[in-house]
Asks: 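Got a structure for you, written out below as structure tokens; questions coming shortly.
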Amino acid sequence: MAERLDLTVDLGRGLRLRSPVLVASGTFGYGFDAPQVDRIALGAIVTKGTTLRPREGNAPNRIAETPSGMLNAIGLQNPGVDHVARVYAPVWASWNVPVIVNVAGDAIDEYVAVAERLDSVPGIAGLELNISCPNVANGLQFGVDPDQAAKLTSAVRAVTRLTLIVKLTPNVTDVVAIARAVEDAGADAVSAINTYVGMAIDVRRRRPVLSRESGGLSGPAIKPLALHAVWQVAQAVRIPVIGIGGIMTPGDALEFLLAGAVAVQLGTVNYIRPQAAHEVHEGIAVYLQEHGLRNLRELPIRSASVLTHA
Amino acid sequence: MAERLDLTVDLGRGLRLRSPVLVASGTFGYGFDAPQVDRIALGAIVTKGTTLRPREGNAPNRIAETPSGMLNAIGLQNPGVDHVARVYAPVWASWNVPVIVNVAGDAIDEYVAVAERLDSVPGIAGLELNISCPNVANGLQFGVDPDQAAKLTSAVRAVTRLTLIVKLTPNVTDVVAIARAVEDAGADAVSAINTYVGMAIDVRRRRPVLSRESGGLSGPAIKPLALHAVWQVAQAVRIPVIGIGGIMTPGDALEFLLAGAVAVQLGTVNYIRPQAAHEVHEGIAVYLQEHGLRNLRELPIRSASVLTHA
Amino acid sequence: MSVAIAPAVVVERSVPMAGAVELVVYHPPSAAAVNPGQFFQLAVGAPRTILRRPYSAAWSDAASGRVGFIFNVVGAGSAWLSQRDEGSELDLLGPLGRGFELDGDRPAVCIAGGLGIAVFLGVVQALVARGRKVTMLQGARMSAQLLPADRLPGADVRTATDDGSRGHHGSVVDLISSHFPPTFTGERQGGGIDLFACGPTPMLQSMIGLAQRHAVPLSSIQVALETPMGCGVGTCLGCAAPRREGGYLLTCQDGPCVRADRIDWDRMEDQFHG
Amino acid sequence: MSVAIAPAVVVERSVPMAGAVELVVYHPPSAAAVNPGQFFQLAVGAPRTILRRPYSAAWSDAASGRVGFIFNVVGAGSAWLSQRDEGSELDLLGPLGRGFELDGDRPAVCIAGGLGIAVFLGVVQALVARGRKVTMLQGARMSAQLLPADRLPGADVRTATDDGSRGHHGSVVDLISSHFPPTFTGERQGGGIDLFACGPTPMLQSMIGLAQRHAVPLSSIQVALETPMGCGVGTCLGCAAPRREGGYLLTCQDGPCVRADRIDWDRMEDQFHG
Ligand SMILES: Cc1cc2nc3c(=O)[nH]c(=O)nc-3n(C[C@H](O)[C@H](O)[C@H](O)COP(=O)(O)OP(=O)(O)OC[C@H]3O[C@@H](n4cnc5c(N)ncnc54)[C@H](O)[C@@H]3O)c2cc1C
Ligand SMILES: Cc1cc2nc3c(=O)[nH]c(=O)nc-3n(C[C@H](O)[C@H](O)[C@H](O)COP(=O)(O)OP(=O)(O)OC[C@H]3O[C@@H](n4cnc5c(N)ncnc54)[C@H](O)[C@@H]3O)c2cc1C
Ligand SMILES: Cc1cc2nc3c(=O)[nH]c(=O)nc-3n(C[C@H](O)[C@H](O)[C@H](O)COP(=O)(O)O)c2cc1C
Ligand SMILES: Cc1cc2nc3c(=O)[nH]c(=O)nc-3n(C[C@H](O)[C@H](O)[C@H](O)COP(=O)(O)O)c2cc1C
Ligand code: FES
Ligand code: FES
């Protein structure tokens, strides 16, 4: 039975994954640190958000646990694109798993410069544009405005032949408008979603827990919200949608695949159960078999109503 | 010590509460059904969303558990304003606790008609405008657009002398813009927040769990998000802000009071620990004493940065 | 209301039949207050869960101050409950809702599918105490999953199993047929029997269909409904069940035990996922 | 990496001193792999929690395959851990991070505040095994909260309590003074002693201040840092501690045990709330 299952995913522009289970940006470093994970079985590794110049990141506290979730305000600590291209990419080129670099910046020029630097580098399989980081100054600006998002996407599209995924922020009134804008601007795929802006207060000391006051909420707490975002986006765009948000189990991943995602990224769960990606992959395979399906394209369901809210 | 503490709250237009702990709309019915709750100790009871005509509500499934939260799509099942005014209000008039009616509708006229019907009815202490219900057709429309929200608020303001609270939806890019709009339009206070639009999928049957597909997420899962909304709103408006979202413990409530809320509403927790409102009230009193504070107005902290995200 | 929110102590944990767990708690006020068919909302402490879980009181004994719950493990909440040791605390909210109306003198036929049997320990006892003739029809997947008949003293217990390992080979609903025609034909408006049913919604629906084909008045059938529950007390409106005359009734307040003619069985759905 | 993610079995639970719990797990690969000062990320199943909790291996014994953890209950995760019975499973991720550098021949002075003592069972044993002279300075709020000295064989144990109920009346940091001046004055760049410290950040800071006033080289002091941890393995970047030369090091990868001269103590903060 098993060998007949097709769990591959096509993200466009030649990027084909052997599994629909990826690890999400910021939760797997640059692929070197996670213990006991058999990288080869992953659909892809998405790296930590990478900027033009190295960044130190925010002062502590950077993280806080919340009910079934966590807040983070790391502030894009990263060694800069040059280090990534020179030191990491050559190693990745020897790995048998696609590595997608998550790209961040404060201005369109900066994104473009990072994309240019990475375009012809062996070992890099694609770019994921983080237009939605809530933890740096101006981080959200591109992600909440369709025009800005489109402008940024076009600018990067113009300088790269790599598969270009745009990662959406959920901190908007209408995520569909942004998704359509980046689709029209040339994105090969969208990933949804990044974290939700949240906060925790240290009651004893009477101050915000995080040094930046607010941070991004991830983990199972956000799963129902992320799933709804994916459900809406998947019915509105023709490019592949990668589902992200609170996935811990095969059942969680299947919710996203049924909602219309072609693949999923696992984030926070990597901190808790590093073996989760493999369990999720296996669980999806078992589900397909039990339901007599042979590939992931048969999974999605559709809304019964035209308007999701009607 | 205890008798010197002042835990009263002024919501404007003569509505003074003896406790900052209220019970939230949709989680306490019309005040008749919750077991073992000493109503008199509550700051106020906010009723189920009430519409001009009776409503049957949505087909089952209406609720689903999610990690540290729950989704609901009740669909505003309620007996209609006339029943509320004729049958419930006279009973409330004999209770020693303010009852605030949560008002919902599909059109401005409908809200206005409900407000008019309730204006001179003894037993009703205030109105909370639900401009943000995600579970009825057009429910979100007023809540996501500052102009619409202002128009609705002014229209209702014009026909009622009752304290008017406007309840904000968090399903927007910029909750502050809505808060400012309703403040300018004459709201006496704002309550923040209503539920977040989310979804769950029944993987076994391959269909959404809720009959309406999407629903509103409440419970501890949303606490960090709600807290951030309150933090932002409290620093942007001069009218009182009532904090809502995932509060279960005194510590949770204190986070909202520190973030700038003058009072809090407890929602989902009422289903789980009906005694929570009293525990929270007591916990706040103890905290004030321990910190040498004599009233709630000394609690709020402020953002260290001008821009929350900077 | 005599509803308590109280920590009770687990005094016994056992396996009444294969795949099920029985927890006995000591809580005299609840034990004295329960009507058969009522339920409790049990707080669970499993990771990431939040809502209480509804469980029928399987039985209660005012004299010893004990209440029993019988359940199977289907998800995180029931898994957590199944691990409560003797001596641990269980946070009860209840008793809640309406139990069965047990008075009357017609023969009582009880029908249970799967864990629906749980509620009948108390029901059968109360019916027998009222001097009624009681037949208990019990269905399960296999023999080992049947509650032993000695837990239902005074009842004439008949069984059905899906795999034929004991009693009738097939659905427990098939067993009612033999009670229907002789009793009801010719005296449709009463006389006959009183039927008490608890089990999965599809089982209830097939039973209702059969009753309708036999022209059994649905008012003579009481069913224990199962819908998801938020609060269990009438404040969340989450436990809607379609009412015959349109709209919805609340399982937690109007039920869980209701006369079958109050329900619109065509709009009734099995509300459980997973 | 030799990092394991594994279910281990709790083989012993006890109370080593007032307010603390000691859990002993059986897991031979971990017991063999631990360096004193390393930690494990323990999965907890408390309601609404999600992250693992970082705990130092208090001690480990390759021969018996056991690892001990000593902790106090401060929140939901530690409360849950404190209830693990013998026989229950504990999900370990580890050993993680860098332990102390224990080689050398200078006298070793260990200083612990509160539960910081936990890590020193293994540290003292390893130092003694290396033939080093070991002084253990232990501080607690009151006498009952001191770890009994027989758990630290081979060390000269001195104590301080906040309430004066045993040993020095005051901070444990005061006890170092007597080790500082004679040893370091005149031979600032080595010679002296090696200091190993673990405890609340404010205690570490006051110790560092004292060391600086005595011109003790910070490179001769190793501290075990405590910051919140997301992953424990270097992927989340949540465990930042300010580095002397600017920027941050990662407590989980570069530490938790680091030489004190690597830290910018002015930017160092107690990161714990609650
Ligand atoms: C009035 C009433 C009485 C009941 N009495 C019994 C009994 O005596 N013995 C018994 O074994 N079961 C009984 N049930 C069913 C029992 O409540 C569910 O099996 C249980 O809630 C499942 O929880 P879980 O966390 O293990 O499952 P999960 O599937 O993880 O639960 C997820 C959510 O779905 C809800 N849910 C899932 N299945 C059901 C269900 N069948 N009914 C209601 N809610 C459900 C849960 O309460 C929870 O909110 C009763 C249900 C009701 C409504
Ligand atoms: C490397 C390292 C080793 C440690 N070794 C020990 C030990 O041997 N014995 C011991 O008693 N304690 C030790 N701690 C502290 C221990 O991790 C915390 O007390 C524990 O995480 C608190 O969890 P909680 O759920 O009970 O508390 P909560 O306050 O409910 O925890 C909420 C969140 O804050 C984090 N947190 C709270 N306090 C701390 C803290 N002091 N350090 C790190 N995270 C914290 C938790 O991990 C969790 O994510 C160590 C910490 C670190 C970083
Ligand atoms: C500590 C942390 C750091 C993150 N860093 C990044 C990042 O650099 N770039 C990015 O696009 N997303 C980042 N994310 C977001 C995740 O990739 C993911 O979108 C989010 O966590 C939701 O998924 P989850 O709920 O499975 O964690 C980060 C998340 C966490 C928890
Ligand atoms: C079942 C349910 C029904 C609700 N009905 C209403 C309503 O009718 N009107 C309204 O303004 N809010 C309604 N709410 C939202 C709550 O009042 C509250 O804003 C929300 O649940 C967040 O608070 P919590 O996390 O404490 O539950 C409802 C919430 C739930 C869970
Ligand atoms: S379960 Fe809440 S109203 Fe019935
Ligand atoms: S705890 Fe995640 S990087 Fe250190």
Side-chain angles (χ1 to χ4, degrees), chain A residues 23 26-37 47-49 54-78 200-211 215 218-221 246 248 267-276, chain D residues 1-7 40-54 74-77 91-96 201 225-243 245-253 264 267-274:
Chain A
V23 286
T27 67
F28 211 76
Y30 287 92
F32 301 100
D33 299 309
Q36 280 208 338
V37 176
T47 71
K48 177 65 190 164
R55 294 206 189 190
E56 287 185 352
N58 295 330
N61 264 357
R62 292 178 172 187
I63 58 172
E65 192 184 54
T66 70
S68 294
M70 67 178 281
L71 290 166
N72 88 78
I74 305 301
L76 288 176
Q77 176 176 338
N78 82 93
I201 289 180
D202 180 335
V203 167
R204 184 166 57 83
R205 300 194 201 163
R206 303 176 66 188
R207 66 178 195 202
V209 172
L210 301 177
S211 68
S218 65
M248 293 199 76
T268 303
V269 71
N270 293 315
Y271 305 149
I272 305 158
R273 293 198 289 108
Q275 69 278 33
Chain D
M1 264 185 273
S2 68
V3 169
I5 315 162
F40 288 81
Q41 286 274 78
L42 305 184
V44 297
R48 292 182 283 287
T49 61
I50 167 151
L51 297 173
R52 287 173 180 263
R53 301 300 195 248
V74 299
D91 179 353
L92 308 179
L93 170 61
L96 300 170
T201 298
L225 300 175
E226 281 194 15
T227 66
M229 300 241 169
C231 62
V233 300
T235 54
C236 78
L237 311 180
C239 60
R243 201 166 46 178
E245 62 271 33
Y248 302 95
L249 49 74
L250 296 181
T251 301
C252 73
Q253 265 193 342
D264 180 346
R267 288 193 293 145
M268 188 76 184
E269 268 203 71
D270 182 4
Q271 298 188 30
F272 302 106
H273 53 99

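Any value given below was found using the heavy atoms of this structure, including those in side chains, with hydrogens, waters and symmetry copies removed. Here is how names work: the chains are called A, B, and so on, in the same order as the sequence lines, proteins then strands, and each is numbered from 1.
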Asks: For the atom pair CD1 (I63(A)) and SG (C239(D)), what is the distance rounded to the nearest 0.5 Å?
Replies: 7.5 Å

Asks: Between Y271(A) and T235(D), what is the shortest heavy-atom contact and its length?
Replies: CE2-OG1, 3.6 Å

Asks: What distance do N270(A) atom CG and C231(D) atom SG have between them, rounded to the nearest 0.5 Å?
Replies: 10.0 Å

Asks: Most heavy-atom pairs under 4.5 angstrom with chain A, which of R267(D), Q253(D), Q41(D)?
Replies: Q253(D)

Asks: Rounded to the nearest 0.5 Å, what separates atom CD in E65(A) from atom CE in M229(D)?
Replies: 14.5 Å

Asks: Using every non-hydrogen atom in the two residues, find where A240(D) and P60(A) come nearest and quote the distance to one decimal.
Replies: O-CG, 3.3 Å

Asks: Ignoring hydrogens and geometry, is there a side-chain-to-backbone donor-acceptor pair from Q77(A) to L237(D) under 3.5 Å?
Replies: no

Asks: Hey, does P228(D) have a side-chain heavy atom less than 4.5 Å from the side chain of N61(A)?
Replies: yes

Asks: In terms of side-chain geometry, is the basic nitrogen of R243(D) or E56(A) positioned less than 4.0 Å from the acidic oxygen of its partner?
Replies: no

Asks: Could you measure the distance from the OG1 atom of T268(A) to the CG atom of L51(D)? Nearest 0.5 Å is fine.
Replies: 8.0 Å

Asks: For A59(A), is it the side chain, the backbone, both or neither that has a heavy atom under 4.5 Å from a heavy atom of chain D?
Replies: both

Asks: Using non-hydrogen atoms and a 4.5 Å limit, figure out which bit of T66(A) sits close to chain D: side chain, backbone, both or neither.
Replies: backbone

Asks: Between D33(A) and G234(D), what is the shortest heavy-atom contact and its length?
Replies: OD2-O, 3.7 Å

Asks: For P220(A), check side chain to side chain contact (heavy atoms under 4.5 Å, CB included) against everything at least two apart and list the hits.
Replies: S68(A), M248(A), P67(B), R48(C), I50(D)

